[in-house]
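To start, the structure under review is shown below, and the notes come after it.
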Amino acid sequence: MENDAVTLCCPNEYCQSANPLTHNFCQQCSTPLPKRYLWAVGDDLNHCHPGDILADACGVGNYRYLVINKSILLDLKPGLLPQIPELDNLEKIRPYLKLIPYRLHIPQVYGVLNLSNQQTQTEILLLERPPLLTDATITKANLCSSLDTVWSEASSIRQIHWLWQLANLWQPLALEGVASSLLDPYVLRVEGALIRLLELRFDGEKSPKLSQLGEFWQQLLKNAQPNIASFLQQVCEFLIQGEINSSEQLIKVLDQGLNQLERFQTTTIKIYTKTDSGPSRPRNEDACYPPSDTLISKPPQHSAIAIVCDGIGGHEGGNVASNLAIETIQQQVQGLTSVPSENIDPSLLLSDLEGAVAVVNDKISQRNDSEHRQGRQRMGTTIVMALPIAHEMYITHVGDSRAYWITRHNCYQVTLDDDVASREVRLGYALYREALQHSGSGSLVQALGMSKSTSLHPTSQRFIIDEDAVFLLTSDGLSDFDRVEECWETEILPILSGKTSIENVAQRLIEIANTKNGHDNVTIALVHYQVKYSEPDITITADISNLLPSTQLDPLDHPVNDESLINNQKTQVITENKTSKLAPVPLQLVIILGLTLLAGLLGYWFKLQLKSPTIISSPSPFSSQPPTAATERTLENLSTTWVIQANSSININNQTFPAQSFFQVIEKKTNPNAADNPEVRLRLCQKSNSVAQTPKTVELNFSQLQDLDISILPSDQPSPCE
């Protein structure tokens, strides 16, 4: 398709000049020209042809979207806010919004296109950053290959890596009623090492089960690499038979295969950091580790970590908070990597990284308190850190300092800013581009040092690395105004081809930040992975049965990761199972103990029938009347200090809590934006195995609370939170 008359409008509202499609910068004002390719969901554009320009029915003469290919559009006016779905249609796109933390794999909603003819009007959903292959002509784009078409060409470690990603997506997609997406070969696309979904498929009345995932994977077995064919066959059989009945179990099994293959992958890591105060700030409130202009390599170093901190702008002592965070994190993380990588439990390490951040937060917060700092006088900082271990990368962050993953195929932002706009999307209230238009959309909702760690929610992620890659950690001095997205291909990608050094790239990124942004300090850390993999001639095996008994299930057939709820737990070393030698027990004693246990269980069962807690099901808001001792504990009169029990696994703001978790109500207040939808603050005080843990708070509104499968403990039942 060639159409020389088609032009791309400059996004600068003061310019808006027309430019040729092939230009990267506006020929009038030099503003970067983003190429926003969109995927149109459905078959409503089948009548359109490449080269057609579609007008939105909501805007007179608004010819905006260029048809590139079937269902692939290019926005010719990227500076304008797209049409937003009507409120009554928001439910149809809510899964996309709530799954924004997984946008590495799942496209986000860009807006809608309203097409009309004489009889009907059609609203077409547009998704941004779909899995596409484009070329320099701009007018040619095709979908990335589907998983089933490229499966046979992949190495053994990549084949397991792809399945590992699907396993990790099962639980969040099942919670949103779109797990069917992982069973559709047309939806599952491959962009290098990454699985990327074209769109979401909604589940029907009956949600899919993990056994169906096993049946789907079986179709790939005939083209699996020979050294992992029997391993994958065993995984599929265990899934189909129900022996593996949670995604947590499945992930652990696939980790066994990855760990065995990792021995045949040589990984070299280089880390380089650089910080600069910028042209407009009197002092540098950022900090980094290793110290600025330091290059470290692993090997020869045994362990390595990269950290970027950005002191909160306008707050006194931001530089103090940043340096205190760096110093404390070093101490906290040092012990986490002192054991061999094959003996580290990934879920516990993720928990430990979040715990380390909580320790940092409390140190800064305590210093604020000791110096009687209040409000904007409190010192604070954001943090993003990368911990590479063998074939894995662990990323932890709080605030709006970001991590990007650059491969030969694309640049991916892997962290989600802790700001107001992202929170609105996560809660399913607004599209991201719409939320950005609101006042205060970039304000942080959390940062280190501003409050106690009980209200802090760090985000930790784990990635498998099976190809050369660069991770960029950066403060917003560089990432503002999409500077990374603009320059990654020309400035960072050459590292992977060996055309430039990591030191030269760091210097160039600082220059871009200072000349094109220039409003803030800027700090970056570059982590360069070089990977060499040799296909082994051994057969991969797995001890699957050893992993199965320890995992708890929730009603959706996906895992409950108890360890993720613990903030301050030591990283555990996985040890070999050893058979215990116990003296034989007399048969008479066994019978007596069994009868005693049976009698106790029957008595406890009858006790529960007499004291069953009230299920929260009332749609009414909280009563304004204070409860009395004789008042039945229900949602209408919910009061502070009361204890709520999770009857099954529940999800609150993208955090999963297992069945039998207990929460104490510590605050309820009126929602200024919705008087009939009050807000509640809960403290997690005990988890399912009755082991006390570090307090953790969650906040939700009334409508979210009433949808959970929970009970209020009666007043005559002992509180597990005391």
Side-chain angles (χ1 to χ4, degrees), residues 101-105 157-158 160-162 164-165 167-169 191-195 251 254-255 258-259 261-263 265-273 288-290 296-299 301-308 329 333 336-337 339-342 344-354 356-357 383-398 401-416 458-474 484 488 492 495-496 502 524-533 564 571:
Y102 303 91
R103 62 180 177 176
L104 181 65
H105 306 283
I157 195 170
R158 178 157 295 182
I160 297 182
H161 181 197
W162 282 337
W164 181 89
Q165 293 174 65
N168 277 274
L169 288 171
E191 194 168 55
L194 285 179
I195 292 287
I251 292 167
L254 296 174
D255 273 334
L258 290 171
N259 288 337
L261 293 173
E262 186 270 332
R263 301 198 303 267
Q265 177 171 293
T266 302
T267 302
T268 303
I269 298 167
K270 289 183 179 180
I271 298 178
Y272 187 78
T273 60
C288 59
Y289 183 84
I296 65 173
S297 298
K298 176 186 176 183
Q301 289 196 202
H302 172 69
S303 62
I305 187 170
I307 312 171
V308 166
I329 282 289
V333 176
L336 303 182
T337 57
V339 295
S341 59
E342 62 270 17
I344 291 178
D345 185 320
S347 61
L348 293 181
L349 179 54
L350 287 168
S351 177
D352 282 344
L353 290 172
E354 295 180 7
V357 170
I383 188 170
V384 59
M385 59 181 179
L387 178 63
I389 298 180
H391 62 293
E392 301 173 339
M393 171 63 92
Y394 293 82
I395 302 287
T396 303
H397 92 281
V398 174
S401 290
R402 295 179 178 177
Y404 293 86
W405 184 1
I406 294 97
T407 71
R408 289 185 173 88
H409 308 279
N410 216 326
C411 171
Y412 312 95
Q413 181 184 330
V414 298
T415 56
L416 183 64
T459 300
S460 290
Q461 303 176 78
R462 173 184 171 222
F463 305 98
I464 303 298
I465 310 300
D466 66 7
E467 65 177 353
D468 291 354
V470 174
F471 281 85
L472 167 67
L473 312 185
T474 178
V484 176
W488 74 271
I492 304 177
I495 294 177
L496 298 179
I502 193 172
I524 63 168
L526 291 165
V527 184
H528 179 201
Y529 263 88
Q530 290 180 291
V531 173
K532 292 183 179 179
Y533 179 71
S564 67
T571 299

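Side-chain atoms are counted along with the backbone in the values below, which use heavy atoms only and exclude waters and symmetry mates.
The shortest side-chain heavy-atom distance between V484 and C411 falls under the 4.5 Å cut-off. Residues Y529 and T267 meet the side-chain proximity criterion, which asks for heavy atoms closer than 4.5 Å.
For I495 against V470, the heavy-atom pair with the smallest separation is CG2-CG2, 3.9 Å. Of all non-hydrogen atoms in A193 and Q165, the two that sit nearest each other are O-NE2, 2.8 Å. Considering all non-hydrogen atoms of both residues, T459 and E354 come closest at C-OE2, 4.4 Å. Minimum interatomic distance between I524 and V308 (heavy atoms only, all atoms of both residues): C-CG2, 4.0 Å. Closest approach of F463 to V414, counting heavy atoms only: CZ-CB, 3.8 Å. Pairing each heavy atom of Q265 with each of I465, the nearest pair is NE2-O, 3.0 Å.
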Using the rule given for side-chain contact (heavy atoms from CB on, under 4.5 Å), can you reason through I329 versus Y289, listing the C-alpha separation, both sets of side-chain angles and the distance that settles it, and then say yes or no?
CA-CA 10 Å; I329 282 289; Y289 183 84; over 6 Å; no
Using the side-chain contact (heavy atoms from CB on, under 4.5 Å) rule, take D466 and Y533 through it: C-alpha gap first, then chi angles, then the decisive distance, then the call.
CA-CA 8 Å; D466 66 7; Y533 179 71; over 6 Å; no
Hey, mind stepping through H528 and L496 against side-chain contact (heavy atoms from CB on, under 4.5 Å) and telling me if it holds?
CA-CA 8 Å; H528 179 201; L496 298 179; 4.0 Å; yes
Go through the steps for T415 and Q461 under the test side-chain contact (heavy atoms from CB on, under 4.5 Å), then give the verdict.
CA-CA 9 Å; T415 56; Q461 303 176 78; 4.2 Å; yes
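Among I344, L350, D345, the one residue that satisfies the side chain to side chain contact (heavy atoms under 4.5 Å, CB included) test with L348 is D345.
One distance of note links CG of L353 with CD1 of I305; it measures 7.0 Å at 0.5 Å rounding. Going from atom CD of E467 over to atom NE2 of H161 covers 9.0 Å, rounded to the nearest 0.5 Å. Residue L526 holds its CG atom at 8.0 Å from CD1 of I406, rounded to the nearest 0.5 Å. One finds the CD1 atom of I464 at 11.5 Å from the CG atom of L194 (value rounded to the nearest 0.5 Å). Atom CG of residue L349 and atom CG of residue L387 lie 6.0 Å apart, to the nearest 0.5 angstrom. Annotation: the span from R263 atom CZ to I157 atom CD1 amounts to 11.0 Å, rounded to 0.5 Å.
Using a 30° and 60° split on the angle between ring planes, W405 and Y412 fall in the perpendicular class, above 60°.
Contacts of A304 classified as side-chain contact (heavy atoms from CB on, under 4.5 Å), with partners at least two apart in sequence or in another chain: I271, I296, K298.
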Hey, can you pull the donor-acceptor pairs under 3.5 Å for the side chains in residues 389-397, sequence neighbours left out?
{"from": "E392", "atom 1": "OE1", "to": "Y394", "atom 2": "OH", "distance (Å)": "2.6"}
{"from": "E392", "atom 1": "OE2", "to": "R462", "atom 2": "NE", "distance (Å)": "3.2"}
{"from": "E392", "atom 1": "OE2", "to": "R462", "atom 2": "NH2", "distance (Å)": "2.7"}
{"from": "T396", "atom 1": "OG1", "to": "S460", "atom 2": "OG", "distance (Å)": "3.0"}
{"from": "H397", "atom 1": "NE2", "to": "L416", "atom 2": "O", "distance (Å)": "2.9"}

